[in-house]
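Let me begin by presenting the structure, written as structure tokens, before commenting on it.
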Amino acid sequence: MRWSSLFIPTLREAPAEAEAVSHQLLVRGGFIRQLQSGHYSMLPLGWKVHRRIAEILRQEMDAIGAQEVLLPAIHQAAIWQQSGRWDAIGDDMFRLVDRKGADQVLGMTHEEVIASIGVELSSYRDLPQMWYQIQTKFRDEPRPKSGLLRVREFTMKDSYSIDLDDEGLDRSFNLHHQAYQRIFARLDLHAIPVEASSGAMGGSNSVEFMVESGAGEDDVAVCSGCDYAANLERATATLATVESRPGSEAPERFPTPGIRTIDALAEAGHPAEHQIKTLVYRVDGELALLLLRGDHPFQEQKFLDATGASEITPAESDDIRAALGASPGSLGAVGVDDLVVYADPALEGRTGMTTGANEDDVHYSGVDVDRDIGVDRWVDIRGIVDGEACASCGEPLSVVRCIEAGHIFKLGRKYAEAMGVSVLDADGQSRIPTMGSYGIGVGRAMAAVAETHHDDSGLIWPISIAPYEVVVTVVKVDDEESMAAAEAIYEGLQAAGIEALLDDRDERPGVKFADAELVGFPLRVTVGPRGLQTGHVEVGLRADGSQTEEPVGTVVDTLVGRVEAGRRAGS
RNA sequence: CGGGAUGUGGCGCAGUCUGGCAGCGCACCUGCUUUGGGAGCAGGGGGUCGGCGGUUCAAAUCCGCCCAUCCCGACCA
């Protein structure tokens, strides 16, 4: 294509509202434009990148034997009611009513629809099946942000496996795990597979593919010594031993006027690791006490996963006062027996602890957890902290910010059962198959690449997904010899199956160079009268900024070699 | 949903406090010059100042309500 006839609206400055680097560069490079919050138009360049990513997804899905389908984006409420998610999901789902008054949803995921097709499976001989689609998903996110990273309408590759038994599910799950690693390698994304919470989806195994980036929204604990990595919602670590302070016969009350925080109490001579942090939450509507060591953060998702509770919210201060007789800052669990008390195992066996006495401005010291507190359930609910020791190898864990680029998990039989999927096994017995669900967001992958592939001048696309693999920059378009040489190179590249762009715009060279770098073409051929005098052009590598002289006669072969090597990279 | 901020031409911004002709840079159009790293000169086009209502002789500017966008938090298969 010729640049002069394309729509590539580059901007010198990014819109003020663009914060994330990927957002700024994708807008400045003319890839995307925002229509409204969370909804973006893919302009020609953006759509080309999007299509190339989708093509890699197709190839790798096909390679593991998955079959492409296309499912409806609008579903009747009935199938969501059948699975129980009509009520379970809430405001995240776009809902609408059709002209007949029937409730409809815009699909945010497709387990129900897949299972509704799965009812046609009747024999174990029909299994396993793996079906995937590349389709628009709708989610009414409370807060879309960071350009393409979190949006309300996006294209997703979602696949689903259906197997007779757990061994089959393991096989399908592992095939996806391997396929995802190949996909991210081809996208040149360093994606770490991490243990994750499967959240409200249920299921046993859940692995997220995480790309380290400050623009992400998830915190991941990564071990420096072994390959342990886990989402903070799930991560565990070995605690350094803390020597309990000397105990006493019974808890002792002492006045703490004005002391409301862990820090303030620590300054008063009671270090945080010798304090019990008492939180009051409503767990599925019921007030409960949650106890942690003073210096440990609460990890809500861990609590949900461990207890099976579906909703927890911090209690209102009026309710707290009514139940305990004091305000936050002076709360404790000593002597409390009418509320459920959950405690983190880090408190087990501890003595000489300090905690609130349920009277404003009064605390207890000398608390023996096992003796003085009626713990109903011990549950691991603490969030680990950067630097703690890996539970597997003892080396320090580091906590890094990540973009969730992919997620695979085992659904089990929940959806098959709800939707009435069953097959006969070899013994003629009716069996409910088990399913898996596997997703990669296409636009988010594009943003993740942008987020990790750029410099001060702009984007740096991997050859595998670049909008054009080579840009032929004509320095002086009214120089006939230059144009002729550039056209010949351009046509040679096209003939060799290279995606090439001829920058034939009548612009100053500086403008053309700057645009090429902003847009991020991996390879640039610069054709100008200066080089042509000796029969040379320049080949520039966007990744390292190198420029090398190349005879006009061999430049096409050189470029073809580089592009083909780049396409193979990672695969 | 709670907290904070912002809305003035395609993009970036000034003007708002203290009411009085709607401005600047980039981009765009025409002409001349220039031409290997975001050119110069001259001329030109483009704006319901987020919306509605109010105060006033007069509102981008003051007041009220609403909307949108961004950030933090909550939330989030």
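Labels below follow one simple rule: chain letters A, B, ... track the order of the sequence lines, proteins then strands, and each chain is numbered from 1. Quick caveat, the model's predicted, so the values are computed rather than measured.
A 4.5 Å side-chain heavy-atom check between A/Phe409 and A/Tyr438 finds every atom pair outside the cut-off.
Between B/C71 and A/Arg143, a contact under 4.0 Å exists linking OP1 or OP2 to a side-chain N or O. At B/G36, none of the side-chain N or O atoms of A/Gln547 fall inside 4.0 Å of OP1 or OP2 (strictly under the cut-off).
The same atom, P, is picked in B/G40 and in B/G36; the two are 15 Å apart, to the nearest Å. Spacing of C1' atoms, B/G19 relative to B/C71, comes out at 32 Å, to the nearest Å. A distance of about 9 Å separates the C1' atoms of B/U8 and B/G15, rounded to the whole Å. Straight-line distance between the C1' atoms of B/C24 and B/A14: roughly 7 Å, to the nearest whole Å. Here, B/C66 and B/C26 have their P atoms 41 Å apart, quoted to the whole Å. Comparing the P positions of B/A42 and B/U69 gives a spacing of 42 Å, expressed to the nearest Å. Comparing the P positions of B/A60 and B/U48 gives an interatomic distance of 13 Å, to the nearest angstrom. Taking the C1' atom of each, B/G38 and B/G53 are spaced 47 Å apart, rounded to whole Å.
When distances run from any side-chain atom of A/Pro15 to the nucleotides B/G36, B/U35, B/G12, the shortest one goes to B/G12. With B/C11, B/G37, B/G38 as the choices, the nucleotide that has an atom nearest any side-chain atom of A/Arg12 turns out to be B/G38.
Taking a pair to require two hydrogen-bonding distances under 3.5 Å in either a Watson-Crick or a G-U wobble arrangement, B/G43 pairs with B/C29. As the counterpart of B/C62, B/G54 is assigned, both hydrogen-bonding distances of the Watson-Crick or G-U wobble pattern falling under 3.5 Å. In this entry B/G9 has no Watson-Crick or G-U wobble partner, no candidate having both defining distances under 3.5 Å. When both pairing distances are held under 3.5 Å, B/G73 makes a Watson-Crick or G-U pair with B/C1. In a base pair of the Watson-Crick type (N1 to N3 plus N6-O4 or O6-N4) or a G-U wobble (N1-O2 and O6-N3), with each distance short of 3.5 Å, B/G36 is matched with no nucleotide.
Ring-centre distance between A/Phe298 and A/Tyr281: below the 6.0 Å cut-off. Checked against the 6.0 Å centroid criterion, the rings of A/His177 and A/Phe209 qualify as a close aromatic pair.
When the shell of 6.0 Å around CG of A/Asp544 is examined, it contains more than 12 heavy atoms from other residues, nucleotides or ligands.
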Task: Stepwise salt bridge (Lys or Arg N to Asp or Glu O under 4.0 Å) test for A/Arg2 and A/Glu487 - done: CA-CA 10 Å; A/Arg2 287 156 192 273; A/Glu487 297 263 11; 2.7 Å; yes

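Comparing A/Glu19 and A/Gly531, the nucleotide of RNA chain B nearest to each residue sits closer to the 5' end for A/Gly531.
Counting non-hydrogen atoms under 4.0 angstrom, A/Thr313 reaches nothing in the nucleic acid.
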